[in-house]
Every structure is written in structure tokens, then in C-alpha cells.
Amino acid sequence: MNKIDKNHIWHPYSSATNPLPTFEIVGAKGVYLELATGEKIIDGMSSWWSVIHGYNNPRLNAALHTQIEKFSHVMFGGLTHAPAMQLTQKLLSIVPQNLQHVFYSDSGSVAVEVAMKMAMQYNYAAGRPQKQSFATIRGGYHGDTWNAMSVCDPVTGMHSLFSRSLPCQFFVSRPQSTFHGEWHEEDLNEVRELFETQHKTIAAFIVEPIVQGAGGMYFYHPQFLRELAKLCKEYDILLIADEIATGFGRSGKLFACEYAAVQPDIMCTGKALTGGYMSFAATLCTSEIAYTISNNPPFVFMHGPTFMANPLACAVACESINLLLESSWQKNIQRIETQLTELLQPLAMHHAVANVRVLGAIGVVEMKEAVDMHRIQPLFVENGVWLRPFGKLIYTMPPYCISDEELQALARGIMRTITSYS
Ligand code: PMP
């Protein structure tokens with residue numbers, strides 16, 4: 001392992017004294033990552049949900065080259081530019097219609113912070129300053145910054161470590177009704193109880209629509225989201241949809257909210273927004289929220305990152321959405337879903353596997369025991385694939401451009417790894 005990397009660089013959730021092995025990448029094209037050792041492996045992770053069109057895409061490269069020749073960055077305070085306006089027009093044409101105002105920021109976690117601040121400032125402006133808390137379902141993940149962390153799952157998240165200084169939020173059980181199973185009305189009992197007793201103090205309910213990602217790779221029933229949205233309206237609680245992982249087609253819909261025909265009050269997008277080329281995010285809200293904030297003291301929304309609406313990020317995001325919309329993405333995601341289901345299903349019989357589930361271009365193999373990362377990570381690479389499990393979850397969400405043959409090779413790599421691991 002490179003000494004500089006091992007001795008001086010933090011990796012995500014890593015130890016400085018006992019780091020997991022890292023693999024140096026020297027190139028990437030399509031679905032392949034090229035290692036410094038010369039092997040090419042299939043990226044089953046789309047670099048954490050983001051690289052939906054694959055690596056080194058000529059159209060995305062060209063969009064960046066064109067913009068870089070004009071200007072790479074200007075501050076957004078008092079200035080504007082075509083890439084931001086074009087992207088905004090494009091985004092507004094694909095998100096739920098009630099969302100009309102866009103706030104750009106640098107990453108998913110910041111987009112969540114912005115959403116939570118918006119909800120708070122809206123309620124303050126609307127004369128309900130006592131609405132200071134947030135509610136969510138257990139098993140969620142919304143990012144690593146302070147407020148985002150406060151609404152991550154309290155057990156698998158980082159609450160125990162930071163509990164004394166994290167804001168205390170309300171949690172209800174995750175719905176037991178799965179996406180493919182039957183709907184159980186009782187799933188709403190806790191939400192109803194919470195809203196009845198606490199609605200005066202809750203500013204917003206934040207959820208990952210349909211797919212809970214890093215908190216457990218769990219697919220829940222659309223009826224839960226539909227009923228939750230109704231209850232939020234009834235009790236004057238805003239609904240924040242965190243579509244950072246699910247947005248741009250991953251679940252089989254452009255945005256997972258569409259499964260329940262729900263229009264959230266605030267929506268966060270990120271990750272695949274730029275086709276995975278750079279860190280960028282957008283928080284969208286309704287005119288009701290934007291105007292209420294703007295027509296009451298302090299008459300402005302209190303947030304403004306240095307790299308807000310970075311023109312390179314806007315340009316590549318715009319082209320990434322063009323690429324997606326020009327493709328027959330829905331048919332393609334359906335193809336990946338059918339293939340992943342067929343290819344991964346045999347693993348359900350494996351003695352070490354608890355459950356196999358697939359939705360859209362997301363495949364999950366839940367093991368009975370948590371996997372040992374030191375042991376399993378090199379095995380995946382040996383078997384020609386890049387996967388990054390956590391806990392009991394081995395999961396894949398490949399780039400949408402993956403071919404049938406590459407999908408078969410990916411599934412083979414997963415099977416061989418699980419077989420030799422356990
Ligand atoms: N929300 C969800 C649903 C996510 O999956 C993630 C990232 N895994 C985030 C928020 C945070 O995004 P970022 O890592 O870009 O800060």
C-alpha cells in the first residue's frame with residue numbers, strides 16, 4: 001500500500017492506525033475501474049450511487065471542457081450564469097411540479113442541512129417558532145454533518161458517540177410493509193401517535209422515499225409514503241424527501257416519490273445529479289416555503305456556500321440529465337432489475353445468506369452475519385468486481401450503461417466471493 005495513503009490520508013469511516021487496504025485507481029472507462037496493478041474490475045457501486053452513465057463519458061467530458069474554456073467558477077452572490085439557469089430549467093421540468101425554487105450546494109449532507117434550515121426558517125416566518133424538531137423513521141441515513149446525523153438511525157448511526165451534543169429528534173419504527181409485500185395499516189400507528197402528541201413542535205418529517213439506503217438497504221411499501229404525506233398535511237408538518245441516493249432513475253422511477261405520487265414540500269438531490277463527475281447537490285422547495293421565508297424577517301434565506309452553483313458542476317449536471325432523458329432509461333432500468341433478480345436469486349439458497357432483494361437498478365444480498373471487510377474486500381477484487389459492503393449488506397447499484405454480459409460478470413463475481421468467503 002502506498003505509504004502516503006496509509007500513513008497520512010483519512011478514508012471514509014477509517015482508522016489511522018489500522019486502515020483497511022485501499023486499491024489505487026489509475027483509470028476508469030464505462031463500468032470498469034483500472035487498478036494500478038493493471039487489472040480492470042467492474043464497478044458495482046457506481047461510486048456510491050453517483051456514476052450513472054459510467055466513467056469517462058464523452059458527452060459529459062465535452063460539457064466540462066466547453067465550460068472550463070469559458071470560466072470554471074464565479075461566486076453566486078450577486079452573479080449568475082447560463083449553466084445554473086439551464087440546469088434549473090431542466091430540473092424543474094422533471095421534479096414534482098409543486099417544487100419551484102432551487103438552492104444549490106456542494107454535497108448531499110449540505111443539501112440536507114439546507115432542507116432542515118428551510119423547514120425551520122419557514123415555520124419561524126409563518127409564526128410557528130415552537131416547531132423546532134424533526135421526525136423520521138428508524139433505519140434512515142441522511143449524511144454526516146450535524147443535523148443530518150441527528151436524523152440518521154439512532155442505533156446504526158453515530159448517536160451514541162455524539163448524543164450529548166446532537167439535537168434530539170423523534171423516531172418512529174421503519175414500516176414493516178415491504179415494497180413487494182402486502183400493505184399493513186398498523187405501520188402508521190406510531191406516526192399518528194407522534195403527530196397527535198407532538199405536532200406543535202415538529203417542523204418537518206424527513207424520509208428517504210421507498211429505498212432506505214446506507215441505513216439498511218430496505219425497500220418499503222409506497223402506501224406508507226402516501227399516507228405519511230397525507231398525515232403531514234393534516235398536522236401542518238412539512239415533508240422532506242431525501243432523493244439523494246434514489247434520484248435520477250435508480251429505483252425505476254425518475255424520483256422514488258413517484259411510486260406514491262407524492263409531492264414533497266422540500267426535496268434533496270445529489271450524487272447522480274452530475275453523473276458522478278463532481279460533488280454537487282440541490283435542495284428544492286415550494287413557492288409557499290420560498291415566499292413565506294422571503295416575506296418575513298429576516299427576509300432572506302440564511303445560507304450561501306462559497307461554491308454555490310459552481311458552473312462546471314451545473315454544466316455537467318445539465319448534460320447528465322440530457323443523457324438520461326434521451327435514453328430509454330426506464331426500459332434500461334427494467335432490464336437491469338430483471339437481470340439482477342434472475343442472477344442474484346440463486347444466492348437466497350446459500351447458507352450464509354438471509355435475504356436477496358432487488359428494486360430498479362439496486363440489488364441487495366443480506367447476509368446472516370456482518371461481513372469482515374478486511375477479508376471480503378480483496379476477494380471481490382480478485383473476482384473482478386468492486387463492491388463495498390457494510391454490516392450484513394452486500395449490495396450493488398451498477399452504472400446504467402452496464403451490458404448484459406457485464407451484469408453477468410458482476411453477479412458471478414458476487415457469487416464467487418460469497419462462496420469462497422463463507
Ligand atoms: N442522503 C442520502 C439518502 C445519502 O445516501 C447520502 C450519501 N450516502 C447523503 C444524504 C449524504 O450525501 P453526501 O455523502 O454527498 O454528503
Side-chain angles (χ1 to χ4, degrees), residues 10-14 43-52 95 103-119 134 136-154 156-158 169 171 174 204-220 225 239-251 253-257 259 262 264 266-284 303 305 307-308 310 313 316-317 320 359-362 364 387-391 393 395-397:
W10 287 111
H11 282 263
Y13 312 103
S14 70
D43 180 11
M45 302 297 289
S46 295
S47 277
W48 276 335
W49 312 78
S50 64
V51 184
I52 52 175
V95 297
F103 191 101
Y104 293 110
S105 61
D106 345 45
S107 73
S109 301
V110 177
V112 169
E113 296 287 332
V114 167
M116 293 172 84
K117 273 173 92 168
M118 262 179 195
F134 291 85
T136 187
I137 46 181
R138 290 178 184 273
Y141 177 82
H142 298 282
D144 289 349
T145 52
W146 219 246
N147 282 301
M149 197 162 56
S150 77
V151 285
C152 289
D153 184 83
T156 59
M158 290 160 273
Q169 316 291 14
F171 292 88
R174 79 162 25 141
F205 199 105
I206 180 166
V207 275
E208 293 158 278
I210 310 299
V211 179
Q212 286 190 303
M217 301 302 297
Y218 180 71
F219 312 142
Y220 63 83
L225 189 57
L239 180 66
I240 303 175
D242 178 348
E243 293 261 12
I244 289 163
T246 44
F248 306 100
R250 178 61 67 181
S251 73
K253 299 281 184 192
L254 216 39
F255 295 96
C257 275
Y259 276 112
V262 156
I266 301 177
M267 186 166 111
C268 305
T269 67
K271 288 184 182 282
L273 174 61
T274 58
Y277 265 55
M278 51 218 296
S279 183
F280 193 48
T283 306
L284 298 100
H303 208 92
F307 287 98
M308 187 167 180
N310 171 260
V316 75
S320 175
L359 179 68
I362 311 164
V364 184
L387 269 90
R388 181 82 176 165
F390 66 88
L393 297 161
Y395 63 107
T396 179
M397 53 277 188

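As the structure lists them, so they are numbered: ligands from 1, and atoms in each ligand from 1.
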- Task: Distance to 0.1 Å, residue and atom name: give those for the protein heavy atom nearest to atom 12 (O) of ligand 1.
- Result: Gly108 CA, 3.3 Å
- Give, for atom OG of Ser46 and atom CZ of Arg250, the distance between the pair rounded to the nearest 0.5 Å. 4.0 Å
- Which distance, rounded to the nearest 0.5 Å, do you find between the SG of Cys152 and the CD of Gln169? 11.0 Å
- Task: Among all protein heavy atoms, pick out the one at the shortest distance from atom 1 (N) of ligand 1; state its residue, atom name and that distance to 0.1 Å.
- Result: Asp242 OD2, 2.7 Å
- Query: What is the nearest protein non-hydrogen atom to atom 14 (O) of ligand 1, stated with its residue, atom name and distance?
  - Reply: Ser109 OG, 4.4 Å
- Query: What is the ring orientation for Trp49 with Tyr395, classed by angle as parallel under 30°, tilted 30 to 60°, or perpendicular over 60°?
  - Reply: tilted
- Task: Would you check whether Gly143 has a nitrogen or oxygen atom less than 3.5 angstrom from a nitrogen or oxygen atom of ligand 1?
- Result: no
- Item | Nearest non-hydrogen partners of Arg174 and Gly216, listed with the distance | NH2-CA, 4.1 Å
- Query: So, does Lys271 sit close enough to ligand 1 that a heavy atom of it is under 4.0 Å from the ligand?
  - Reply: yes
- What heavy-atom pair brings Gly108 and Ala281 nearest, and what distance separates the two atoms? N-CB, 4.0 Å
- Residue, atom and distance of the protein heavy atom nearest atom 6 (C) of ligand 1 read Tyr141 CE2, 3.5 Å
- Note on the structure: Counting from 1 in the order shown, the ligand 1 atoms closer than 4.0 Å to a non-hydrogen atom of Ala245 are 5 (O)
- Task: Answer side chain, backbone, both or neither: which part of His142 comes under 4.0 Å from ligand 1, heavy atoms only.
- Result: backbone
- Item | Point-to-point distance, once rounded to the nearest 0.5 Å, from SG of Cys268 to CD1 of Ile244 | 5.0 Å
